Engineer: 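If you scroll down you'll find the structure; I have some questions about it.
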Amino acid sequence: MTEQQHLEVLSDIKRMMERSSRYMSLSGLSGVFAGAVSLIAAGIAYYWLHDYYTQWNTSGRFDPAAFDLLRIRLIVLAVTVMGLAFAGGTYFTWKKAKFNKLPVWDATSRKVFINGLIPMAAGGAFIAGLLYNNLEVMVAPSCLVFYGLALVNASKYTLTDIRYLGIAEIGLGILNVFFLRKGLYFWAIGFGIMHILYGVIMWWKYEKGAAKEE
C-alpha cells in the first residue's frame, strides 16, 4: 500500500470510530427552526408585556389578577416554544440520519439525551422555585445558563461545535444577571439569534454538500 492509501485507511478508521462514539446526526436546520420559533415567541411576549405595562400606567395601580394572567400566558408560551423546538429538532435530525443511513436512536444518542436532560431537569426545577418565590426577573438568565450547561454536558457525545454554543449561552445568561430587566432581549438573543447563527454555520459546515446531493 502507498502512503496515500495508508492515510485514506486511517481516515476511514477515524471516521468509523467517531461515528461509534459521537452522535453525528444533529442538523443545523433544527437550530435555525428553533431560533425562528424563539424570535416569534419573543415578539409575542413583547407585545403582551407592552400591553400589560400600558394598562398598568393608565390605571395607575397594580392589578394582581392581570399579572397572574400574564405570568400564566408567558409560561404557556415558553412551554409551547420548547415543544415546537423539540419537535422540529427531532424531525430534522431524523431526516439527516435517514439520508446518512444512520440510526436516530442508539446508545450514543441516548447518552446525548441523558447528559442534556440532567441540567435541563435541574434548571426546570430551579426555575419553578424562582416562579414560586416571585423571582421572575431571574427566569431568563437561569434559562440561558442551565440550557448552556445542558449543551456543554451533551457535547461530549456529539459535535463539539455545540460546546461553543453552550459556553456562549452560559456567558449570555451570566451577563443577563447584571441587566435583569432586559431578560426578554437576552432570551431573544440566546434562543433566537444565536440558534439561527449556530444552525447556519452547522448546515454550511456539515450539510451543504449533502443538500446538493439531494
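Nothing here was measured: the structure is a model prediction, and the numbers come from that model.
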Engineer: Would a distance-only check, ignoring hydrogens and angles, find a side-chain to backbone donor-acceptor pair under 3.5 Å from Arg71 to Asn134?
Structural biologist: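 Such a contact is absent between Arg71 side chain and Asn134 backbone.
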
Engineer: Would Leu131 and Glu136 count as a side-chain contact (heavy atoms from CB on, under 4.5 Å) here? Give the steps.
Structural biologist: CA-CA 6 Å; Leu131 292 172; Glu136 288 81 7; 4.0 Å; yes

Engineer: If every non-hydrogen atom of Met202 is compared with every non-hydrogen atom of Gly28, which pair is closest and at what distance?
Structural biologist: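 Scanning both residues completely, I find the closest heavy atoms to be CB-CA, 3.8 Å.
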
Engineer: Quick one: pull up CG in Leu29 and NZ in Lys95 and give me the separation to the nearest 0.5 Å.
Structural biologist: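 It is 7.5 Å, given to the nearest 0.5 Å.
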
Engineer: Check whether any side-chain N or O of Asn153 sits under 3.5 Å from a backbone N or O of Gly116 as a donor-acceptor pair, and report yes or no.
Structural biologist: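 Between the backbone of Gly116 and the side chain of Asn153 there is no qualifying donor-acceptor contact (under 3.5 Å).
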
Engineer: Hey, is the main chain of Tyr47 close enough, under 3.5 Å, to the side chain of Asp51 for a donor-acceptor pair?
Structural biologist: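 Not at all, since once roles are kept as given, no pair shorter than 3.5 Å links the two residues.
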
Engineer: Is there a donor-acceptor pair under 3.5 Å between the side chain of His50 and the backbone N or O of Tyr46?
Structural biologist: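 Looks like no, no N/O pair under 3.5 Å.
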
Engineer: Using distance only, find each side-chain donor-acceptor pair of residues 164-173 under 3.5 Å and give its atom names and separation, not counting sequence neighbours.
Structural biologist:
none

Engineer: Closer than 3.5 angstrom, by distance alone: can the side chain of Asn176 be matched with the main-chain N or O of Phe179 as a donor-acceptor pair?
Structural biologist: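 Indeed, once roles are kept as given, a pair shorter than 3.5 Å links the two residues.
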
Engineer: Tell me who clusters with Ile72, hydrophobic residues only, linked when side chains sit under 4.5 Å apart either directly or through other members.
Structural biologist: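 Via sub-4.5 Å side-chain contacts, Ile72 links to Val76.
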
Engineer: Identify the heavy atoms of Ala188 and Leu39 that sit nearest to each other, and give their distance.
Structural biologist: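 For Ala188 versus Leu39, the nearest heavy atoms are O-CD2, 3.7 Å.
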
Engineer: Quick check for you: to the nearest 0.5 Å, what is the distance between Ile189 atom CD1 and Leu184 atom CG?
Structural biologist: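 It comes to 10.0 Å.
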
Engineer: Is the shortest heavy-atom distance from the side chain of Pro141 to the side chain of Leu180 under 4.5 Å?
Structural biologist: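 When only atoms from C-beta onward are counted, Leu180 and Pro141 do touch, with a gap below 4.5 Å.
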
Engineer: Among Leu144, Ile75, Ile127, which one satisfies side-chain contact (heavy atoms from CB on, under 4.5 Å) with Val139?
Structural biologist: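 Output: one option passes, namely Ile127.
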
Engineer: Can Ile174 be reached from Trp187 by stepping across I, L, V, M, F, W or Y side chains whose heavy atoms are under 4.5 Å apart?
Structural biologist: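 Hydrophobic grouping puts Trp187 with Ile174.
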
Engineer: Output the distance between atom CZ (Phe92) and atom CH2 (Trp203), rounded to the nearest 0.5 Å.
Structural biologist: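 Answer rounded to 0.5 Å: 12.5 Å.
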
Engineer: Hey, could you give me the CD1/CG distance between Ile44 and Leu74, rounded to the nearest 0.5 Å?
Structural biologist: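 Answer for the CD1-CG pair, Ile44 versus Leu74, is 10.5 Å.
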
Engineer: List the steps and the verdict of ring-ring contact (aromatic ring centres under 6.0 Å, His included) for Phe33 and Tyr91.
Structural biologist: CA-CA 11 Å; Phe33 178 80; Tyr91 169 74; 8.8 Å; no

Engineer: Determine whether Val200 and Ile193 fall in the same hydrophobic cluster, where Ile, Leu, Val, Met, Phe, Trp and Tyr are linked whenever their side-chain heavy atoms lie under 4.5 Å apart.
Structural biologist: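 In one cluster: yes.
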
Engineer: Nearest 0.5 Å please: distance from the CG atom of Leu151 over to the CG atom of Asp161.
Structural biologist: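 Going from the CG atom of Leu151 to the CG atom of Asp161 covers 12.0 Å.
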
Engineer: Quick check: does any side chain N or O of Asn133 sit under 3.5 Å from a backbone N or O of Leu135, one acting as donor and the other as acceptor?
Structural biologist: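 Not confirmed, Asn133 side chain does not pair with Leu135 backbone.
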
Engineer: Looking at Phe67, I want to see if its CZ is surrounded by more than 12 non-hydrogen atoms of other residues, nucleotides or ligands under 6.0 Å.
Structural biologist: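 Yes, because the 6.0 Å sphere around CZ of Phe67 holds more than 12 heavy atoms from other groups.
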
Engineer: Atom CE of residue position Met138 - does it have more than 12 heavy atoms of other residues, nucleotides or ligands inside 6.0 Å?
Structural biologist: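 Counting other residues, nucleotides and ligands, CE of Met138 exceeds 12 neighbours.
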
Engineer: Would you say that Met120 contacts Tyr147 through its side chain, given a criterion of any heavy-atom pair below 4.5 Å between the two side chains?
Structural biologist: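 In contact.
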
Engineer: Side chains of Tyr198 and Val32: does their closest heavy-atom pair fall under 4.5 Å?
Structural biologist: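 Tyr198 vs Val32: side chains apart.
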
Engineer: Quick one: do Phe86 and Ile118 end up in the same hydrophobic cluster if we chain Ile, Leu, Val, Met, Phe, Trp and Tyr together by side-chain heavy atoms under 4.5 Å apart?
Structural biologist: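 Different clusters: Phe86 never reaches Ile118 through Ile, Leu, Val, Met, Phe, Trp or Tyr contacts under 4.5 Å.
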
Engineer: Looking at side-chain heavy atoms only, is the closest gap between Tyr52 and Leu69 below 4.5 Å?
Structural biologist: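 They are not in side-chain contact.
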
Engineer: Nearest 0.5 angstrom please: Asn115 CG to Arg110 CZ, how far?
Structural biologist: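 Between atom CG of Asn115 and atom CZ of Arg110 there are 13.0 Å.
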
Engineer: Is it the case that the side chain of Ser30 and the backbone of Ser27 share a donor-acceptor pair, with hydrogens and angles ignored and the cut-off at 3.5 Å?
Structural biologist: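 Checked: pair present.
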
